[in-house]
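Everything on this sheet refers to the single structure shown next.
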Amino acid sequence: MANEVNIDEVYGNPNNLVDLFEQSVAKYGNNRLFGTKNPASGKYEWSTYRQVADRVNNLRGALKQLGLSKGDSVGVILHNCQEWFICEQAVHGLGGVFVPMYLQEMPKVIEYIVKDAAVKFLFVAHAGVYEKIKDFKNSIPGLQDIFVIFGEGENSLRALEEKGRQNPAPSLKLTWSDLSSIIYTSGTTGDPKGVELTHGNMSMSAKSSIDTFTLDETMHVVAILPWAHIFGQNADLHNYIYCGGGVAFAESLEKLVQNFQEVKPTGLSVVPRIVNKIYDTILQGVGADPVKKQFFDAAVAEAVKNRDLTEKTKEFKDYDALVFSQVRNVFGGNLKFFVTGSALLKPEIALFFKDIGQPTYDCYGMTETAPTISVNSPKYGNKYGTVGRPAAGMHVVIDKSRTGEDSLDGEIIAYGPCVMRGYHNKPQQTAEILMPDQWNGFPGIRTGDRGWLDEDGFLHITGRFKDEYKLANGKYVHPEGIENEAKLLRYILQIMLYGDGKDYNVAIVVPDFNALKADPNIKPLLKDTLEESLKNKALTDYLTNDITAHLRKTFGGYEVPQRYLFVAEDFTVDNGLITQTLKLKRLNVVKKYGDQLQALYTA
């Protein structure tokens with residue numbers, strides 16, 4: 001493909017996460033780094049870069065004493081907190097490989113990861129987690145010890161830090177090719193796959209946002225997304241450390257708005273589901289007062305008129321001062337942008353925030369690209385309905401070998417310095433996903449996603465190949481696009497199409513009870529609970545007709561479900577129907593509801 005370049009120059013300096021942090025400590029030592037809410041005082045308390053570095057140095061010394069060597073793996077089961085980063089950085093400082101896991105992960109999955117990654121030491125949040133996995137030391141030969149981060153005694157983090165303070169050990173000099181982390185994908189089917197990411201992958205991705213979003217040391221974020229996932233880890237942690245910014249920890253999704261008021265973030269990284277909740281909170285707030293709602297609706301209508309105007313009207317400016325400034329204050333009043341990933345934000349919601357002066361930026365990536373592939377941004381353009389242009393250093397091509405050369409879309413192939421080294425202990429699956437050729441000396445990867453590039457270089461996502469299936473009439477269905485379109489209806493919380501080998505599609509739908517209650521056409525059809533309400537045929541008939549009419553505006557007749565199964569139980573991580581990153585576990589949904597879905601064809 002393109003001529004090879006000097007890879008060392010592309011990765012630049014810093015080219016690893018150890019140098020990235022240590023250089024920031026040298027530049028921004030007295031800056032606030034991590035903010036944690038003190039439950040007793042009700043206030044955020046901050047640690048500086050230098051204070052965090054001291055703790056990193058102490059833990060690194062202890063791990064050296066315990067015998068951690070370059071290439072050894074260390075796991076952590078922990079929520080977002082400064083101790084998460086202290087563990088990561090201490091491990092990296094000795095050339096160790098960091099293996100983060102979700103605090104809510106099932107023990108059998110944790111056991112698989114600890115074995116597969118050959119974890120030598122394991123850090124867990126508290127005694128509750130320890131009790132669930134303490135027997136791993138007996139059943140997994142390579143696991144030498146388990147440490148409790150928020151605990152007491154010799155196996156606590158506090159004891160380790162004291163041990164290391166008395167036995168300091170310098171950090172190793174690493175380079176871009178050294179293995180940084182093994183991050184396990186959620187696994188919608190089969191065992192999770194361990195994605196091997198190098199220090200070059202991670203540091204390159206961290207540095208790319210500095211230019212794209214003009215980040216600097218005055219910036220700070222409320223960290224919402226779990227750092228066990230690459231999106232949160234990159235966007236809310238390494239990006240801000242590189243620019244000298246601050247990271248405050250969200251207490252919970254329920255307290256997000258309160259935390260925004262306290263921290264006043266300049267940036268946020270979220271998934272659409274979080275934005276949708278905030279949007280609904282705003283609408284429910286104004287909807288409670290008919291007079292306020294009428295004024296709000298007039299303001300929004302004026303904002304739509306001004307959407308593409310460089311010079312805003314006087315009416316808009318008045319509404320902005322009276323109405324939209326109050327909406328922006330929901331985020332603390334200082335928010336410059338929020339980035340969304342994992343799925344496209346609903347267009348109506350994205351345009352609402354754009355119109356009121358709080359733009360959103362849809363981006364695209366995957367764990368296997370650490371996670372950068374493409375971004376919408378203030379500097380390089382923001383086109384709604386797309387996931388932006390290829391990020392710095394990344395190259396995207398559309399492979400039409402599966403769709404035909406006459407097709408608009410094809411499989412998205414991404415090349416560049418952020419592409420993973422491979423799947424841990426899975427050479428066959430690595431060979432299947434990595435491209436046989438390179439671009440500028442960098443590997444390429446098959447994303448499994450369908451999409452196309454427009455004339456301005458913006459990437460449009462149209463579906464996923466692995467989710468496609470064929471109806472009995474031979475026509476292929478790409479369910480994700482249809483499901484995403486259905487979710488534009490505010491009352492649809494979850495939806496999954498079903499129809500492989502069948503004459504037509506059906507779908508299972510989980511309605512949002514709060515959204516149903518907010519719809520004046522639907523509210524009279526509701527009972528006290530969602531479960532009771534769904535027994536009302538008048539309600540399910542209404543929803544069926546409404547969803548069908550909505551989808552027929554966009555999709556062909558064979559693609560639109562002909563019948564629907566409405567259920568009250570949400571798809572959650574706990575019931576095994578979605579992954580930690582909120583992706584559908586389709587096989588699990590079919591396993592649980594298969595008989596009821598089959599019954600739709602005989603009803």
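What you are looking at is a predicted structure, and each value in this text was computed from that prediction instead of being measured.
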*Crowding at CD, Q428 (>12 non-hydrogen neighbours, <6.0 Å)*: no

*According to the interplanar angle, ranging from 0 to 90°, do the rings of W46 and Y44 count as parallel (below 30°), tilted (30 to 60°) or perpendicular (above 60°)?*
tilted

*So which heavy atom on S47 is nearest to which on V52, and how close?*
CB-CG2, 3.9 Å

*Hey, what's the ring geometry for Y415 with H395, parallel, tilted or perpendicular (30° and 60° as the breaks)?*
tilted

*Give a yes or no on whether the ring-centroid distance for W84 and F34 is below 6.0 angstrom.*
no

*asked:* Nearest 0.5 Å, please: how far is CG in L143 from OG in S73?
replied: 11.5 Å

*side chain to side chain contact (heavy atoms under 4.5 Å, CB included) between F337 and T214: does it pass, once the steps are laid out?*
CA-CA 11 Å; F337 60 83; T214 322; over 6 Å; no

_Would you compute the distance between atom CG of N234 and atom CG of L197 and round it to the nearest 0.5 angstrom?_
10.5 Å

*Using a cut-off of 6.0 Å, state whether more than 12 heavy atoms not belonging to K264 lie near its atom NZ.*
yes

*Taking all non-hydrogen atoms of both residues, which atom of L66 and which atom of Q144 are closest, and how far apart?*
O-OE1, 4.5 Å

_To check you understand the geometry: which heavy-atom pair defines the closest contact between D72 and S69, and what is its length?_
OD2-N, 2.8 Å

*Hey, does the side chain of N16 reach the backbone of V18 with a donor-acceptor pair shorter than 3.5 angstrom?*
yes

*Is any side-chain heavy atom of H199 closer than 4.5 Å to a side-chain heavy atom of S177?*
no

*At what distance, to the nearest 0.5 angstrom, does NZ of K173 lie from CG of D178?*
12.5 Å

*asked:* Please check this pair: side chain of N31 against backbone of G244, looking for a donor-acceptor N/O pair closer than 3.5 Å.
replied: yes

*CA sep, side-chain torsions, deciding dist, call: L78, F123, side chain to side chain contact (heavy atoms under 4.5 Å, CB included)*: CA-CA 8 Å; L78 184 61; F123 287 91; over 6 Å; no

*Using a 4.5 Å cut-off on heavy atoms from C-beta on, say whether the side chain of V76 contacts that of P100.*
yes

*asked:* Whether R158 and E161 form a salt bridge (side-chain N of Lys/Arg under 4.0 Å from carboxylate O of Asp/Glu) is what I want to check.
replied: no

_Single hit among Y279, F260, F331 for ring pair (Phe, Tyr, Trp, His ring centres under 6.0 Å) with F338_ = F331

*Any donor-acceptor N or O pair under 3.5 Å, side chains R60, N57*: yes

*Nearest atoms (heavy-atom pairs only) where Y240 meets L215*: OH-CD2, 4.3 Å

*asked:* Any side-chain to backbone donor/acceptor pair from H424 onto D116? Under 3.5 Å, distance only.
replied: yes

*Side chain to side chain, E154 and K163, heavy atoms closer than 4.5 Å*: no

*Yes or no on side chain to side chain donor-acceptor pair (under 3.5 Å) for T572 and D570, after CA distance, side-chain angles and deciding distance?*
CA-CA 6 Å; T572 66; D570 193 6; over 6 Å; no

_Looking only at the side chains, is there a donor atom on one of N155 and D145 sitting less than 3.5 Å from an acceptor on the other?_
yes

_L577 and K585, any side-chain heavy atoms less than 4.5 Å apart_ = no

*Step by step, work out the side chain to side chain contact (heavy atoms under 4.5 Å, CB included) result for T369 and T447.*
CA-CA 9 Å; T369 58; T447 65; over 6 Å; no

*asked:* Less than 3.5 Å apart, any donor N or O on the side chain of T340 or T360 sitting next to an acceptor on the other?
replied: no

*Spacing of I149 atom CD1 and I77 atom CD1 [to the nearest 0.5 Å]*: 9.5 Å

*List the steps, then state whether side chain to side chain contact (heavy atoms under 4.5 Å, CB included) holds for L59 with Q89.*
CA-CA 9 Å; L59 182 56; Q89 191 62 206; over 6 Å; no

*Report, as yes or no, whether the 6.0 Å neighbourhood of atom NZ on K64 holds more than 12 heavy atoms from other residues, nucleotides or ligands.*
no

*T198-N201 side chain donor-acceptor pair, cut-off 3.5 Å*: yes

_Would you say that more than 12 heavy atoms from the other residues, nucleotides or ligands in this model lie under 6.0 Å from the CG of N38, or not?_
yes

*Which atom names give the shortest non-hydrogen contact between D236 and S269, and what distance separates them?*
OD1-OG, 3.0 Å

_Donor on one side chain, acceptor on other, E262 and N259, under 3.5 Å_ = yes

*Are the aromatic ring centres of W176 and Y11 under 6.0 angstrom apart?*
yes

*Has K277 got more than 12 heavy atoms of other residues, nucleotides or ligands less than 6.0 Å from its NZ?*
no

_For K43, all residues meeting side-chain hydrogen bond (donor to acceptor under 3.5 Å, both in side chains), sequence neighbours excluded_ = none

*Give the minimum heavy-atom separation between K37 and G42, together with the two atoms involved.*
CE-O, 2.8 Å

_Short side-chain to backbone donor-acceptor contact, Q261 and N329, under 3.5 Å_ = yes

*Just how far is it from atom CZ of F231 to atom CG of L237, taken to the nearest 0.5 Å?*
13.5 Å

_For a 4.5 angstrom cut-off between non-hydrogen side-chain atoms, does T386 reach Y364?_
no

*How long is the gap from CD1 on I445 to CD1 on I433, to the nearest 0.5 Å?*
4.0 Å

*Classify the angle between the aromatic ring planes of F150 and H79 as parallel (below 30°), tilted (30 to 60°) or perpendicular (above 60°).*
parallel

*Can we say E432 and R446 salt-bridge, meaning some charged N sits less than 4.0 Å from an Asp/Glu carboxylate O?*
no

_My understanding is that only one of Y102, F249, F85, F98 makes a ring pair (Phe, Tyr, Trp, His ring centres under 6.0 Å) with W227; could you say which?_
F249

*asked:* Whether the N334 and T266 side chains hold a donor-acceptor pair (N or O, under 3.5 Å, no angle test) is what I'd like checked.
replied: no

